[in-house]
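Here is the structure we will look at, set down as structure tokens.
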Amino acid sequence: MQTYEELLDAVVATDGDTVTILAPATEQPIGDAPWHDEAELEAAIARAQAAQPAWAALSSAERADYLNRAADAIEAAAEPLAQLLAREVGKPLGGANARFEVGASANWLRATAAQEVPVETLVDDGETYAELHYRPIGVVGAITPWNWPMMIATWQIAPSLRVGNTVVIKPSEYTPFSGLALAAVINQVLPEGVLNVVVGDGELGAAMTANPAFGKIMFTGSTATGTKIIESSAANITRLTMELGGNDAGIVLADADPQQVAGDIFWGAFLNTGQTCAALKRLYVHDDIYDQVVDAIAQVAKSAPMGDSLDEDSLLGPVQNKRQWKIVDTLVKLAVESGARVVVGGNPDPDATGYFYPATIVADIDPENALVVEEQFGPALPIVRYSDIEDALRWANALDVGLGASVWGSDRAEALKVAERMEAGTVWINKHGAVHPFIPFGGTKRSGYGMEFGVEGLKAVSVPQVING
Ligand code: NDP
């Protein structure tokens, strides 16, 4: 699978039910993906169950070796994988986009291989001796969204495999090729049945989450779908990790340097053209520097090239699907109708090919406006003015979600005081959205529960067992 064509050939459907996948940048077909039914889900589960005991019986070092070899395989197929990802998601090849996502997937596998959960001695006092072990759960069901389809799949697959589980993964119906291709490359090195893919829509996802064969469901997606999964898995007491929607707030303090922070704020908001779970989605800026910050961010927006995902100059791409495009368009229109000011962007070309929406900065917007309080998940950033930090904190914490948040300022001690009061699973200082394989990540409130990454992430795909005596 050294070329894009060879990779695509390995994942297009040759028989059975199929679905045609369109490239969001061109609205032209990429190819026909398989479309699986419940019988095929049952077959995938059976393969995963059959493979699991032998996989779990390997030593930790042997499984780590497999993960490292999977990373080698991804690196060997990096350019074809990036070409497919760019076409299917619409993200450009360059910048923190398709090539970056493929490289990060390989790096994440290696970083996960390098970690393990130590056995903990709980009590050793001469009378009692007790240890805490973490065992594999069995078969993990992984359900991924369309925005970072290889990266998020890796976040779910790598820790699950690391500790001795086998996996059935269902990619989003919008981006099945990315999931299929990643698995096809990884499966060049893994034993048969350890990693399995099924393709379908929410109905197939619902069939997965209600199936008692799964000891654990790893889910990344919307809060609405997360709620359904909690309900459908309840009867089986299935363990869950829920990485759900967010609406991350950023607060810019009065002592921030507008020119210095503008670039990082822009890319914190427009990473993957704004389609990132922990992107900065609403910004609160102190009145003293409001106009300078708005202007500086608008300058970055104007100079960020948006275009076809295969154009090497593009740094921003289309929205991945028309449904999400309409959400962004509706929210910007509502903001404009309310009297907010579009500083740059807005006004998408109705005759354009592809789901392009210009990078949009909206200023002088009411803190209660829909573009502020609802998740846009696309290339539009509302910037709210504040003069009292208590107002900014109240607005930032008012929503029922809390994935990430950020504070921007020159005095770290002051920024830290504000960070400690923000209700989010991660609060960044002078950056937004940075994740690291050794740093646990997860949401608060309706952004979900359970940690991914690091040793906490390995524990989350394991079952604790106490040995007493
Ligand atoms: P969805 O929740 O619509 O879909 C996520 C996955 O769940 C898809 O594979 C989807 O299948 C599947 N699914 C849909 N219905 C069900 C069901 N009833 N039972 C089981 N699975 C189901 O989210 P999107 O893909 O539209 O992604 C956008 C959302 O995800 C945003 O709100 C965003 O904030 C959030 N997100 C959160 C992240 C985080 O880490 N917290 C990261 C990325 C996104 P299908 O697509 O085929 O319908």
Side-chain angles (χ1 to χ4, degrees), residues 19 21 24 33-36 38 41 88-89 91 101 141-156 168-180 197-211 214 217-234 238 240-248 271-282 319-328 331 374-378 399-404 424-426 433 435 440-453 457:
V19 57
I21 301 301
W35 191 255
H36 294 138
E38 280 197 44
L41 170 63
E88 188 173 55
V89 183
K91 61 179 69 188
E101 181 171 350
I143 300 179
T144 51
W146 43 259
N147 56 340
W148 290 87
M150 291 190 192
M151 184 75 263
I152 292 174
T154 306
W155 289 350
Q156 300 185 350
V168 177
I169 182 164
K170 189 200 87 62
S172 165
E173 65 187 299
Y174 293 111
T175 54
F177 281 133
S178 299
L180 286 162
V197 189
V198 289
V199 176
D201 57 11
E203 216 176 300
L204 194 71
M208 278 177 74
T209 60
N211 195 309
F214 292 104
I217 297 286
M218 298 282 288
F219 174 71
T220 300
S222 63
T223 300
T225 304
T227 308
K228 288 185 197 160
I229 291 175
I230 293 166
E231 285 170 6
S232 75
S233 64
T238 312
L240 301 172
T241 292
M242 291 275 132
E243 292 288 357
L244 307 178
N247 191 347
D248 288 11
L271 176 65
N272 194 30
T273 315
Q275 304 160 102
T276 299
C277 49
L280 206 176
K281 293 182 178 131
R282 48 195 173 113
V319 177
Q320 201 280 329
N321 56 76
K322 193 72 188 180
R323 186 188 66 167
Q324 195 62 42
W325 187 97
K326 282 188 181 142
I327 292 172
V328 176
L331 288 171
E374 288 175 27
E375 186 190 27
Q376 70 279 49
F377 211 67
L399 304 188
D400 62 2
V401 286
L403 190 58
T426 301
V435 289
F441 176 77
T444 61
K445 301 197 255 186
R446 289 167 65 86
S447 290
Y449 49 74
M451 300 300 267
E452 293 186 283
F453 316 159

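These figures come from a predicted structure and were not determined experimentally. We're numbering straight along the sequence, starting at 1. Just the heavy atoms: all of them, side chains too, but no hydrogens, waters or symmetry mates, feed the values below. Both counts, for ligands and for their atoms, begin at 1 and track the order of listing.
Here the protein heavy atom with the shortest distance to atom 9 (O) of ligand 1 is Thr144 O, 2.8 Å. Annotation: atom 33 (C) of ligand 1 to nearest protein heavy atom, Phe377 CE1, 3.3 Å. In this structure, the protein non-hydrogen atom closest to atom 10 (C) of ligand 1 is Lys170 NZ, 3.9 Å. The nearest heavy-atom contact from the protein to atom 24 (P) of ligand 1 is Trp146 NE1, 3.4 Å. The protein heavy-atom contact nearest to atom 38 (C) of ligand 1 is Cys277 CB, 2.7 Å. Given atom 46 (O) of ligand 1, the protein heavy atom at minimum distance is Ser172 OG, 3.0 Å. Among all protein heavy atoms, the one lying closest to atom 36 (N) of ligand 1 is Gly221 O, 3.6 Å. The closest protein non-hydrogen atom to atom 21 (N) of ligand 1 is Gly205 CA, 3.6 Å.
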Residues Thr220, Thr144; criterion side-chain contact (heavy atoms from CB on, under 4.5 Å); working and verdict:
CA-CA 5 Å; Thr220 300; Thr144 51; 5.7 Å; no
Evaluate side-chain contact (heavy atoms from CB on, under 4.5 Å) for Tyr449 paired with Leu240, printing each intermediate quantity in order.
CA-CA 8 Å; Tyr449 49 74; Leu240 301 172; 3.6 Å; yes
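Residue Leu403 has at least one heavy-atom neighbour below 4.0 Å for each of these atoms of ligand 1: 41 (N). Close contacts between ligand 1 and Leu244 involve ligand atoms 37 (C), 38 (C), 39 (C), 41 (N) [criterion: under 4.0 Å to a heavy atom]. Distances below 4.0 Å separate heavy atoms of Pro145 from the following atoms of ligand 1: 25 (O), 27 (O), 43 (C), 44 (C). Close approach of ligand 1 to Ile229 (heavy-atom distance below 4.0 Å) involves ligand atoms 19 (N), 20 (C). The distance from ligand 1 to the heavy atoms of Gly200 drops below 4.0 Å at these ligand atoms: 47 (O).
Distance check, rounded to the nearest 0.5 Å: NZ of Lys170 to CG of Leu204 gives 6.5 Å. From Leu271, atom CG reaches atom CH2 of Trp148 across 4.5 Å, with rounding to the nearest 0.5 Å. Note: Met151 CE to Thr154 OG1 = 5.0 Å, rounded to the nearest 0.5 Å. Expressed to the nearest 0.5 Å, how far CD of Glu374 lies from CG of Leu331 amounts to 5.5 Å. Glu243 contributes atom CD, which lies 6.5 Å from atom CG of Leu403 (distance to the nearest 0.5 angstrom).
Residue Asn147 places no N or O, backbone or side chain, under 3.5 Å from any N or O of ligand 1. Checked by distance only, ligand 1 and Thr209 stay at 3.5 Å or farther apart across all their nitrogen or oxygen atoms. Taking distance alone, with nitrogen or oxygen atoms compared against 3.5 Å, Lys228 stays at or beyond that limit from ligand 1. For ligand 1, the polar-atom distance check finds no N/O of Ser447 at less than 3.5 Å from any of the ligand's N/O atoms. Looking at Thr220 next to ligand 1, no N or O pair under 3.5 Å apart turns up. Considering backbone and side-chain atoms together, Glu173 places an N or O closer than 3.5 Å to an N or O of ligand 1.
With hydrogens and angles ignored, the 3.5 Å screen pairs no side-chain donor or acceptor of Arg446 with any backbone N or O of Thr223. For Thr209 (side chain) and Ala206 (main-chain N/O), a donor-acceptor pair under 3.5 Å exists by modelled atom type. His36 places a side-chain N or O within donor-acceptor distance of the main-chain N or O of Val199, the cut-off being under 3.5 Å.
Judged by distance alone, the side chains of Ser178 and Glu88 do bring a donor and an acceptor atom under 3.5 Å apart.
Contacts with ligand 1 closer than 4.0 Å are made by side-chain heavy atoms of Glu375 only, the backbone lying farther away.
At least one heavy atom of Arg323 sits under 4.0 Å from some atom of ligand 1. Residue Phe219 places a heavy atom under 4.0 Å from ligand 1. Ligand 1 lies nowhere less than 4.0 angstrom from a heavy atom belonging to Ala278.
Within a 6.0 Å radius of NZ in Lys326, no more than 12 heavy atoms belonging to other residues, nucleotides or ligands are found.
Protein heavy atoms all stay at least 4.0 Å away from atom 4 (O) of ligand 1.
Ring centroid separation for the pair Phe219 and Trp155 does not come in under the 6.0 Å cut-off.
Summarising the geometry of Gly226 relative to Leu244, their closest heavy-atom pair is CA-CD2, 3.9 Å, with the distance given to 0.1 Å.
Looking at Asn247, Thr225, Ile327 and measuring to atom 16 (C) of ligand 1, the nearest heavy atom belongs to Thr225.
In this structure, the side chain to side chain donor-acceptor pair (under 3.5 Å) partners of Glu375, at least two apart in sequence or on a different chain, are Lys281.
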